[in-house]
Amino acid sequence: MSTQSTPILSVLTEDLLIRVNEKLVQDSDRKIWRLICKEFHRVDSITRKTLRVLHVEFLPTLLKNYTNLHTLDLSVCPCIEDGTIILLLHRVDHSMWARNLKFLNLSRANGLKFAGLEMLVGACKGLESVDVSYCCGFGDREAAAISGCGGLKELRMDKCLGVSDVGLAKIVVGCGRLVRLSLKWCMEISDLGVELLCKKCLELKFLDVSYLKVTSDSLRSIAALPKLEDLAMVGCPLVNDVGLQFLENGCPLLQKVDVSRCDCVSSSGLNALISGHNGLLQIDAGYTISELSANFVECMQELKNLNAIIIDGARVSDTVFQTISNNCRSLIKIGLSKCTGVTNMGIMQLVSGCVNLKTINLTCCRSITDAAISAIADSCRNLLCLKLESCNMITEKSLEQLGSHCTLLEELDLTDCFGINDRGLERLSRCSRLLYLKLGLCTNISDTGLSYIASNCSQLHELDLYRCMGIGDDGLAALSSGCKKLRKLNLSYCIEVTDKGMESLGYLEELSDLELRALDKITGVGLTALVIRCKRLTYLDLKHCGKVDDTGFWALSYYSRNLRQTWHYAW
């Protein structure tokens, strides 16, 4: 009787392999899958929908292998230009890779001009979303090329400084089905361009005109958009209350509005906006209104469905928080950064009614103490994000409450909270789902406290230890052992860190952003040990690391092929 076993791959059908492959979420897991065998690699090729290319020279081969792409991201290929597109379309059968392409990201592709764009758009006839943000050379001719995407639904043109009303006119005439459009920092676009946009693109649901020199006349035009749900106009200095009054009787479906940093807008304008849209879900008026008037507070009573409000920089009172608490029970996000008048009592009143809050920003609210944080922890059990930068009166007691009651917490900013110590970090480490933690300028923490975080917060993605003088090599050893998913780390001015610490960091394979400013105990030996293993580094700050010599920089240039930006100079 034969005892030879049947190879497992022979019983795994293609359909089953595809289903297994689709369960792989992490890029690292998909990479391992591709390397197992040729069949797994083939399955990955036919199922892959998204491709982000780091090196333009590999683009032809990648597009030849991946023919079912929906999303192509070229935003990190700064060398892409018209010649690249010509070569690509001639060397690779674009009828294969371009046929299903829906989303194209060309952000920062400064070398790409009219000819290349026109060819690319002509090849990818099914495009629905294009991002050309921060393309400094992008002007009206390039906008004309984009207008060939007749089925385009989403377009991002942030900081395309050369686009004027003429270029915008070509786009809106050719792309009349636009649903989402961002024109942030397109400084040459005026009221005239916005008026034509609002006449031609009646399907718009999202519009961003932030930092444009448009006036309230543009809001008169925008008010005619029947389907607009989300309007952003951050930092528009010529927009005033009259403009918001135009919106009062327009945009019947408006749900979100951002008028932050609009210097000529006051509570009166916001009152008008709210009066016409009591179904608003989100309001961002950060650094716009200096004080919440009694009329504004009264209008807020109508916002029963409001789930986010940002009033950074405003003067508030306990009465405001009581009104919000009584009427805005659906609130999940509130921004109070640099607000004056925030007290323990006000916060207690707020969270007594708004128990569903998930994001609270109390940056520079210096009067709050452990009592306010205790109330937050006790009431807001689903809290995900809490920002407490420069709240100097909170202590380890606050972290004990957060660790006991807010176990879903994902983001915590404790920058410049010098009352935080190792015992507090031990209590905080119960929040095992933490992804982002800022401890910069917390001078009373040491390797011991960091070890508590490292042992329990294994999901951590970003950690800021700026000027934490008590952090050294032992803490980094614990970090490299417990936080394998760490991507961003700031160790600037952690002066006790040596080459031994750099060697430990080398085991963080996901690390991409690293700040090591003024670490005068690290040398070329430590930098070499780091970069040999950390293949994903894209940003590295080595300013004032005077003992790092040419051997370290040679290793950096050889091993860090994905590095996009580095800073290094001596004192």
Side-chain angles (χ1 to χ4, degrees), residues 26-29 31-32 35 54-55 76 437-440 445-455 457-571:
Q26 300 293 330
D27 288 340
S28 56
D29 294 337
K31 182 178 180 180
I32 294 172
L35 295 175
L54 300 178
H55 300 284
V76 290
L437 179 59
K438 290 189 175 184
L439 298 169
I445 65 172
S446 69
D447 289 339
T448 302
L450 186 56
S451 296
Y452 291 130
I453 296 295
S455 62
C457 304
S458 60
Q459 303 300 312
L460 207 61
H461 287 174
E462 296 185 13
L463 177 62
D464 187 349
L465 297 169
Y466 175 80
R467 289 189 183 273
C468 293
M469 306 295 190
I471 300 299
D473 295 337
D474 291 342
L476 298 189
L479 197 65
S480 64
S481 175
C483 299
K484 294 292 188 181
K485 296 183 179 181
L486 201 64
R487 300 171 186 170
K488 187 174 182 179
L489 177 63
N490 188 348
L491 293 171
S492 294
Y493 300 97
C494 295
I495 56 177
E496 297 302 317
V497 173
T498 71
D499 287 343
K500 184 179 178 182
M502 292 298 99
E503 185 177 356
S504 297
L505 292 183
Y507 292 97
L508 297 173
E509 296 182 357
E510 300 290 324
L511 198 62
S512 61
D513 289 50
L514 181 60
E515 296 187 44
L516 303 173
R517 188 178 306 189
L519 302 192
D520 57 5
K521 292 184 180 180
I522 67 172
T523 69
V525 174
L527 181 58
T528 300
L530 169 72
V531 299
I532 285 176
R533 291 192 178 96
C534 288
K535 304 291 188 181
R536 297 195 177 190
L537 276 179
T538 58
Y539 176 87
L540 180 63
D541 187 346
L542 290 167
K543 286 194 289 288
H544 309 313
C545 294
K547 292 183 180 178
V548 175
D549 56 16
D550 290 345
T551 60
F553 290 118
W554 181 90
L556 181 66
S557 65
Y558 183 81
Y559 291 105
S560 299
R561 301 297 177 88
N562 294 322
L563 200 65
R564 297 181 62 193
Q565 189 172 12
T566 182
W567 299 90
H568 54 86
Y569 53 80
W571 290 100

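How far CD1 of Ile495 is from NZ of Lys521: 6.5 Å, rounded to the nearest 0.5 Å. Between atom CZ of residue Phe553 and atom OG1 of residue Thr528 there is a gap of 10.5 Å, rounded to the nearest 0.5 Å. If you take SG on Cys545 and CD1 on Ile522, they are separated by 4.0 Å, rounding to the nearest 0.5 Å.
Of all non-hydrogen atoms in Met469 and Tyr493, the two that sit nearest each other are SD-O, 3.2 Å. When all heavy atoms are compared, the tightest approach of Asn562 to Arg536 is ND2-CA, 4.3 Å. Minimum heavy-atom separation, Arg533 to Glu503: NH1-O, 4.2 Å. Across all non-hydrogen atoms, the minimal contact from Met502 to Gly526 is CB-O, 3.3 Å. Scanning all heavy atoms of the two residues, the minimum distance from Leu508 to Cys534 falls at O-SG, 3.5 Å. When all heavy atoms of Val525 and Asp499 are compared, the pair lying nearest together is CB-OD2, 3.9 Å.
The side-chain contact (heavy atoms from CB on, under 4.5 Å) search around Lys500 returns Asp473, Thr498, not counting sequence neighbours. With sequence neighbours excluded, the residues satisfying side-chain contact (heavy atoms from CB on, under 4.5 Å) with Thr566 are Leu540, Leu556, Leu563, His568. For Tyr539, the side-chain contact (heavy atoms from CB on, under 4.5 Å) criterion is met by Asp513, Glu515, Asp541, Gln565, Trp567, not counting sequence neighbours. For Lys438, there are no salt bridge (charged side-chain N to carboxylate O under 4.0 Å, His left out) partners, not counting sequence neighbours.
Applying the ring pair (Phe, Tyr, Trp, His ring centres under 6.0 Å) definition to pairs two or more places apart or across chains, none involves residues 495-526.
Between Leu542 and Leu527 there is a side-chain heavy-atom pair separated by less than 4.5 Å. Looking at Thr523 and Asp549, their side chains never come closer than 4.5 Å, going by heavy atoms from C-beta outward.
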Practice item. Let me see the working for Ile453 and Leu463 under side-chain contact (heavy atoms from CB on, under 4.5 Å), right down to the final yes or no. Key: CA-CA 10 Å; Ile453 296 295; Leu463 177 62; 5.6 Å; no
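When the options Ile445, Asp474, Leu465 are evaluated for a side-chain contact (heavy atoms from CB on, under 4.5 Å) with Leu450, the one that passes is Leu465.
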Less than 3.5 Å apart, which donor and acceptor atoms pair up between the side chains of residues 478-491 and the rest of the protein, not counting sequence neighbours?
unit_1 : atom_1 : unit_2 : atom_2 : d
Ser480 : OG     : Leu476 : O      : 3.3
Ser480 : OG     : Ala477 : O      : 2.9
Ser480 : OG     : Ser504 : O      : 3.4
Lys484 : NZ     : Ser480 : O      : 3.0
Lys485 : NZ     : Gln459 : OE1    : 3.1
Asn490 : OD1    : Ser492 : N      : 3.0
Asn490 : OD1    : Ser492 : OG     : 3.1
Asn490 : ND2    : Asp464 : OD1    : 3.4

